[in-house]
Amino acid sequence: MPDLSMVVCEHVADAEAMLEHKSFSLTLLDLANGVSLSFLDYASSILNPKPVVAIIGEGSSTTIINALRAGADDVFVVEDLDLSPKLFIYSMKRQLRRALYIEESKRLKDSLERSLDELRADHHAAQHVQQNLLPPRHQTINGLVVEYTLKPSLLLSGDFVDAIEINDHLIIFYLADVSGHGASSALVTVLLKNLTHRLLRNYKRHSSFDILSPVLTLERINREMLLTGMGKHMTMFVGLLDTQTSKLTYATGGHHPMPILSCNESSSFLKGRGMPVGLFEKPEFEEHQLDLPQVFSLTLFSDGVLEILKGSSLKEKENWLLSTLQPGYIESSQLTEMIEEGFEDVRPDDVAIMTVSRA
């Protein structure tokens with residue numbers, strides 16, 4: 001038990017002033033010498049949940065009940081103090097221990113609230129950093145229109161998109177979905193941004209040409225993620241588009257659903273397989289090539305769309321995406337609204353949609 005200090009007030013007015021300006025662990029009120037039930041009620045409401053003990057002049061059941069109803073945590077009769085002093089001392093110790101627990105819990109609560117405030121501030125700062133790392137929501141690169149919508153389930157997102165102009169006819173773009181949620185997944189997206197732009201710098205310095213191959217890009221990202229030791233992995237689609245030849249080269253790292261190609265009033269999922277990125281030392285990725293028509297639209301998704309899309313089966317959801325995109329290009333924000341129509345719950349996963357199109 002810590003050291004105690006005691007304050008004695010002979011008058012109710014003095015006690016009232018003390019209660020307004022000081023904090024007490026335990027309060028003892030003598031109803032046998034001028035303290036009223038109304039003041040007991042007033043004091044217990046101010047001190048709650050800290051204990052208040054009342055001393056009464058006579059021990060009738062009515063008096064005891066009235067004192068308890070006015071907020072007393074324990075009640076003693078004056079004559080019993082001389083007859084059973086040990087019982088009174090035991091009660092005081094018990095009430096002081098209770099007060100100590102209450103004060104400690106309040107201290108811990110205040111400390112927790114400060115920590116949560118700091119955590120919220122950190123998350124908001126991290127959100128600001130992550131948003132600044134994302135590309136413009138709508139941009140034109142080498143005659144291609146690239147735009148996206150990204151809606152995190154939490155403050156920070158494990159989904160990430162980017163489109164990078166390599167030269168006057170080559171563009172590399174990707175959509176990544178990091179495992180998990182929150183700060184650790186968002187940190188991986190920061191590493192991903194740094195790595196892909198490092199690959200671009202290496203290309204411009206002629207020190208590495210990995211960025212010209214989606215498979216080599218995935219392999220490079222896979223090695224870097226394993227080196228971090230963070231225990232995170234991701235699914236990822238990487239596309240390299242040559243606007244001179246209209247040739248799309250792409251590879252996927254365990255990503256689902258695959259992008260949908262819309263052209264000539266038809267739509268279809270791209271073919272391809274591959275292992276997740278960041279799980280295996282020697283993963284297998286497939287590289288595919290596709291000749292694109294003059295007018296086309298390529299729509300990429302994170303698997304969060306499947307969590308909120310209507311349909312009783314995966315096949316129904318995939319068919320809905322195909323039929324919706326069959327006419328051609330739909331802006332990602334409009335498509336997101338269509339997917340979320342009627343969905344009122346909190347998103348169970350991040351949702352990202354990215355389109356690359358040429359009119």
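Hydrogens, waters and symmetry mates are skipped; everything else that's a heavy atom, side chains included, is used. Heads up: numbering here begins at 1 and tracks the sequence.
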- Message: Within a 6.0 Å radius of atom CD on E10, are there more than 12 heavy atoms belonging to other residues, nucleotides or ligands?
- Response: no
- Using a distance-only test with no angle check, is there a side-chain donor-acceptor pair under 3.5 angstrom linking S333 and T336? no
- Mind checking the CZ-CZ spacing from R220 to R198? Nearest 0.5 Å is all I need. 6.0 Å
- Query: When rounded to the nearest 0.5 angstrom, what distance separates NZ in K317 from CG in L322?
  - Reply: 14.5 Å
- Which of L241, L212, I171, D242 passes side chain to side chain contact (heavy atoms under 4.5 Å, CB included) with I166? Answer is L212
- Contact check, side chains of L144 and F296, non-hydrogen atoms, under 4.5 Å: yes
- For S302 and D159, test the side chains for any donor-to-acceptor distance below 3.5 angstrom and give the result as yes or no. yes
- Message: Please check this pair: side chain of S357 against backbone of L298, looking for a donor-acceptor N/O pair closer than 3.5 Å.
- Response: no
- Query: Hey, are E103 and S25 close enough side-chain-wise for a donor-acceptor pair under 3.5 Å?
  - Reply: yes
- Query: Going hydrophobic residue to hydrophobic residue with side-chain gaps under 4.5 angstrom, can you get from I56 over to Y42?
  - Reply: yes
- Using atom types as modelled and distance alone, determine if a side-chain donor or acceptor of S179 lies under 3.5 Å from a backbone N or O of K232. no
- State whether the number of non-hydrogen atoms from other residues, nucleotides or ligands found under 6.0 Å of K247 atom NZ is greater than 12. yes
- Query: S213 versus E287: any side-chain heavy-atom pair under 4.5 Å?
  - Reply: yes
- Message: So, taking the atom named CG in L226 and the one named CD1 in I221, what distance separates them when rounded to the nearest 0.5 Å?
- Response: 12.0 Å
- Query: Distance-only, no hydrogens or angles: does the T324 side chain make a donor-acceptor pair with backbone N or O of W320 under 3.5 Å?
  - Reply: yes
- Message: Please say yes or no: joined through hydrophobic side-chain contacts below 4.5 Å, possibly via intermediate residues, are M234 and V190 part of one cluster?
- Response: yes
- Query: Crowded around Y90 OH? As in, over 12 foreign heavy atoms under 6.0 Å?
  - Reply: no
- Any chain of hydrophobic side-chain contacts (each under 4.5 Å) joining I260 to L300? yes
- Task: For residues H288 and Y250, establish whether the separation of their ring centroids is below 6.0 Å.
- Result: yes
- Item | Residue pair V77 / G59: nearest heavy atoms and the distance that separates them | CG2-CA, 3.5 Å
- Presence of salt bridge, E286 and K271, under 4.0 angstrom: no
- Item | Expected output: side-chain E147 to main-chain S332 donor-acceptor under 3.5 Å | yes
- Query: Just wondering, more than 12 heavy atoms not from E104 lying within 6.0 Å of its CD?
  - Reply: yes
- Would you call F301 and P259 a side-chain contact if the rule is heavy atoms closer than 4.5 Å? no
- Message: Would the distance check show the side chain of N319 and the main-chain N or O of K315 forming a donor-acceptor pair, the cut-off being under 3.5 Å?
- Response: yes
- Message: Distance alone, cut at 3.5 Å: any donor-acceptor contact between the side chains of Q326 and S262?
- Response: no
- Euclidean distance, S91 OG relative to L26 CG, rounded to 0.5 Å: 8.5 Å
- Query: Any donor-acceptor pair under 3.5 Å linking the side chain of T252 with the backbone of H255?
  - Reply: yes
- Query: Does V295 share a hydrophobic cluster with L290, counting links as ILVMFWY side-chain heavy atoms below 4.5 Å and allowing steps through other members?
  - Reply: no
- Task: Would you indicate whether the side-chain heavy atoms of V277 and T235 approach each other to under 4.5 Å?
- Result: no
- Task: Return yes if some donor-acceptor pair links the side-chain N/O of Q95 with the main-chain N/O of P51 below 3.5 Å, else return no.
- Result: no
- Task: Report yes if some heavy atom in the side chain of L81 is under 4.5 Å from a heavy atom in the side chain of L83; otherwise report no.
- Result: no
- Note on the structure: Residues G71 and V52: closest non-hydrogen pair is O-CB, 4.4 Å
- Query: With a 3.5 Å cut-off and no angle check, do the side chains of Y203 and D210 form a donor-acceptor pair?
  - Reply: no
- Query: Is a side-chain donor-acceptor pair under 3.5 Å present for E16 with H11?
  - Reply: no
- Task: Scan side-chain atoms only and decide if D162 and H197 contain a donor-acceptor pair under the 3.5 Å cut-off.
- Result: yes
- Message: Before you tell me yes or no, could you show the steps for S246 and R358 under side-chain hydrogen bond (donor to acceptor under 3.5 Å, both in side chains), namely the whole-Å CA-CA distance, both residues' side-chain angles and the distance that decides it to 0.1 Å?
- Response: CA-CA 10 Å; S246 287; R358 183 169 60 192; 2.8 Å; yes
- Look at the side chain of D350 and the backbone N and O of D177, then say whether any donor-acceptor pair between them is shorter than 3.5 Å. no
- Message: Within this structure, what is the OH-CZ distance for the pair Y148 and R137, rounded to the nearest 0.5 Å?
- Response: 4.5 Å
- Any side-chain donor paired with an acceptor under 3.5 Å for R69 and N66? no
- Query: Does some side-chain heavy atom of L335 sit less than 4.5 Å from a side-chain heavy atom of L325?
  - Reply: yes
- Message: Please check this pair: side chain of T299 against backbone of T355, looking for a donor-acceptor N/O pair closer than 3.5 Å.
- Response: no
